[in-house]
Amino acid sequence: MAAPDELFCWEGDWGLPSVNTDCLVVLAYAQFAGAPLKLRKICNPWRSPSGSLPALRTNQKETLSRPSDIIIHLRKQKYNADYDLSAKEGADSLAFISLMEEKLKPALIYAFWIEPKNYVDVTRRWYAEHMPFPLNFFLPGRMQSRQLEKLRLQRGNESLEAGEELEKELYRDAAECMNLLSQRLGSHKFFFGDSPSSLDAYVFGHLAPILKSKLPNGKLQQHLKSLDNLTNFCTNILLLYFPRDGRG
């Protein structure tokens, strides 16, 4: 038997198996597809084979970091949560994942890393408390700079800063995206019938941190909680696939 692939992820908290969206996407997909990964939850990205998290070290000693690359690799190993999707469902799935990248992820970055009170009271504090010394002194700030850079690139604005106008715009886009996801899910348990697919993993990864974190500025959470089916969707995945974490 070949050794299993190793998945390096940020640790969990707030009743989640990981505090990081990309890690949650990969963890959920691996659970849905039944992939037997050796899981390493850490709070020091420098101990990851890629220097970032998530990271998958395959048994061929190849390292993958992007959730989409990790999912493609797992599919090639015959762990495919999208096996039963029709061509149209596959296309819908890609469209919704692109929509989330464009409309929801920027708002998540803003809420956790840029909004001053959320960043100081929750995000920076969490990473500073969980990282080893001396990384806890400088790495959260470096991570924030990287996230701000990501947001500036995505918005095509190099001088982008926190502010009411930007927040309003990002949160409006995110609310629209959540509404569309809610309409698509309807009264179903998962997005394409009775079993979860990669779209479910992406939706869970983006929404679960909004639902479970305790941010002082909780506008995104308020909107999500007004969409009962999406809230129940996240709660059900936690209960079904992450029962040990979901009790938090």
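Scope of the values below: all heavy atoms of this structure, side chains included, with no hydrogens, waters or symmetry mates.
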Determine, using the 4.5 Å side-chain heavy-atom cutoff (strictly less than), whether [X] and [Y] are members of one ILVMFWY cluster.
{"X": "Leu64", "Y": "Ile72", "value": "no"}
{"X": "Leu153", "Y": "Leu160", "value": "no"}
{"X": "Leu240", "Y": "Leu24", "value": "yes"}
{"X": "Val120", "Y": "Trp14", "value": "yes"}
{"X": "Tyr83", "Y": "Leu85", "value": "no"}

Could you give the distance from [atom1] ([X]) to [atom2] ([Y]), rounded to the nearest 0.5 Å?
{"X": "Glu167", "Y": "Arg172", "atom1": "CD", "atom2": "CZ", "value": "12.5 Å"}
{"X": "Ser195", "Y": "Asp82", "atom1": "OG", "atom2": "CG", "value": "9.5 Å"}
{"X": "Ser213", "Y": "Asn118", "atom1": "OG", "atom2": "CG", "value": "8.0 Å"}
{"X": "Leu104", "Y": "Ile210", "atom1": "CG", "atom2": "CD1", "value": "5.0 Å"}
{"X": "Glu62", "Y": "Asp69", "atom1": "CD", "atom2": "CG", "value": "9.0 Å"}
{"X": "Asn157", "Y": "Leu151", "atom1": "CG", "atom2": "CG", "value": "9.0 Å"}

- Query: Ring centroid separation for Tyr79 and Phe32, is it under 6.0 angstrom?
  - Reply: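 No, too far apart.
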query = Are the aromatic rings of Trp126 and Phe112 close, with centres under 6.0 Å apart?
reply =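 Ring-ring flag for Trp126/Phe112: false, centres at least 6.0 Å apart.
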Can you classify the ring geometry of Tyr119 versus Trp113 as parallel (below 30°), tilted (30 to 60°) or perpendicular (above 60°)?
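Taking Trp113 first and then Tyr119, their aromatic rings sit tilted (interplane angle of 30° to 60°).
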Worksheet item: What class does the angle between the rings of Phe242 and Phe204 fall in, given that below 30° is parallel, 30 to 60° is tilted and above 60° is perpendicular?
Response: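 The rings of Phe242 and Phe204 lie parallel, inter-plane angle below 30°.
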What's the shortest heavy-atom distance between [X] and [Y], and which atoms?
{"X": "Ser198", "Y": "Ala81", "value": "N-CB, 4.5 Å"}
{"X": "Leu238", "Y": "Gly15", "value": "CD2-O, 3.7 Å"}
{"X": "Ile237", "Y": "Asp200", "value": "CD1-O, 4.3 Å"}
{"X": "Leu74", "Y": "Ala35", "value": "CD2-CB, 4.0 Å"}
{"X": "Pro140", "Y": "Ala128", "value": "CG-N, 4.1 Å"}
{"X": "Asn59", "Y": "Asp5", "value": "N-OD1, 2.9 Å"}

Chi angles and distances behind the side-chain contact (heavy atoms from CB on, under 4.5 Å) call for Leu199, Met100
CA-CA 10 Å; Leu199 177 59; Met100 280 186 280; 3.7 Å; yes
Other residues, nucleotides and ligands only: do more than 12 of their heavy atoms fall within 6.0 Å of CZ on Arg125?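 Count not over threshold, so no.
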Does Arg75 CZ have over 12 foreign heavy atoms under 6.0 Å away?
->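 Enclosed.
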Side-chain donor-acceptor pair present, [X], [Y], cut-off under 3.5 Å:
{"X": "Ser65", "Y": "Ser50", "value": "yes"}
{"X": "Asn179", "Y": "His223", "value": "yes"}
{"X": "His130", "Y": "Asn136", "value": "no"}

### Residues forming a salt bridge (Lys or Arg N to Asp or Glu O under 4.0 Å) with Lys225, sequence neighbours excluded
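Lys225 satisfies salt bridge (Lys or Arg N to Asp or Glu O under 4.0 Å) with no other residue.
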Only counting residues at least two apart or in another chain, list the ones meeting salt bridge (Lys or Arg N to Asp or Glu O under 4.0 Å) with Lys88.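 In terms of salt bridge (Lys or Arg N to Asp or Glu O under 4.0 Å), with neighbours along the sequence ignored, Lys88 is linked to Asp92.
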I'd like to know if the side chain of [X] and the backbone of [Y] have a donor-acceptor N/O pair within less than 3.5 Å.
{"X": "Ser48", "Y": "Leu53", "value": "no"}
{"X": "Gln147", "Y": "Ile109", "value": "no"}
{"X": "Glu89", "Y": "Ser86", "value": "yes"}

Determine whether [X] and [Y] make a side-chain contact, defined as any pair of heavy atoms from C-beta on separated by less than 4.5 Å.
{"X": "Tyr29", "Y": "Asn80", "value": "yes"}
{"X": "Glu161", "Y": "Leu166", "value": "no"}
{"X": "Arg146", "Y": "Gln144", "value": "no"}
{"X": "Tyr241", "Y": "Asn236", "value": "no"}
{"X": "Ser197", "Y": "Tyr202", "value": "no"}
{"X": "Pro106", "Y": "Asp173", "value": "no"}
{"X": "Phe233", "Y": "Phe191", "value": "yes"}
{"X": "Asn44", "Y": "Met131", "value": "no"}

Please step through side-chain contact (heavy atoms from CB on, under 4.5 Å) for the pair Gln154 and Glu102, ending with a clear verdict. CA-CA 8 Å; Gln154 207 259 0; Glu102 195 186 321; 4.1 Å; yes
Is there a side-chain contact (heavy atoms from CB on, under 4.5 Å) between Asn232 and Lys189? Walk through the geometry before answering. CA-CA 9 Å; Asn232 293 336; Lys189 191 174 181 181; over 6 Å; no
- Message: Using the rule side-chain contact (heavy atoms from CB on, under 4.5 Å), only one of Asp22, Ile97, Thr21 pairs with Pro67; which is it?
- Response: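 Considering Asp22, Ile97, Thr21, a side-chain contact (heavy atoms from CB on, under 4.5 Å) with Pro67 is found only for Asp22.
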**Prompt:** So Leu7 and Arg57, side-chain contact (heavy atoms from CB on, under 4.5 Å) or not? Walk me through it.
**Reply:** CA-CA 6 Å; Leu7 179 64; Arg57 182 160 58 201; over 6 Å; no
Are Arg40 and Glu6 ion-paired here, with the side-chain N under 4.0 Å from a carboxylate O?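 Yes, this pair counts.
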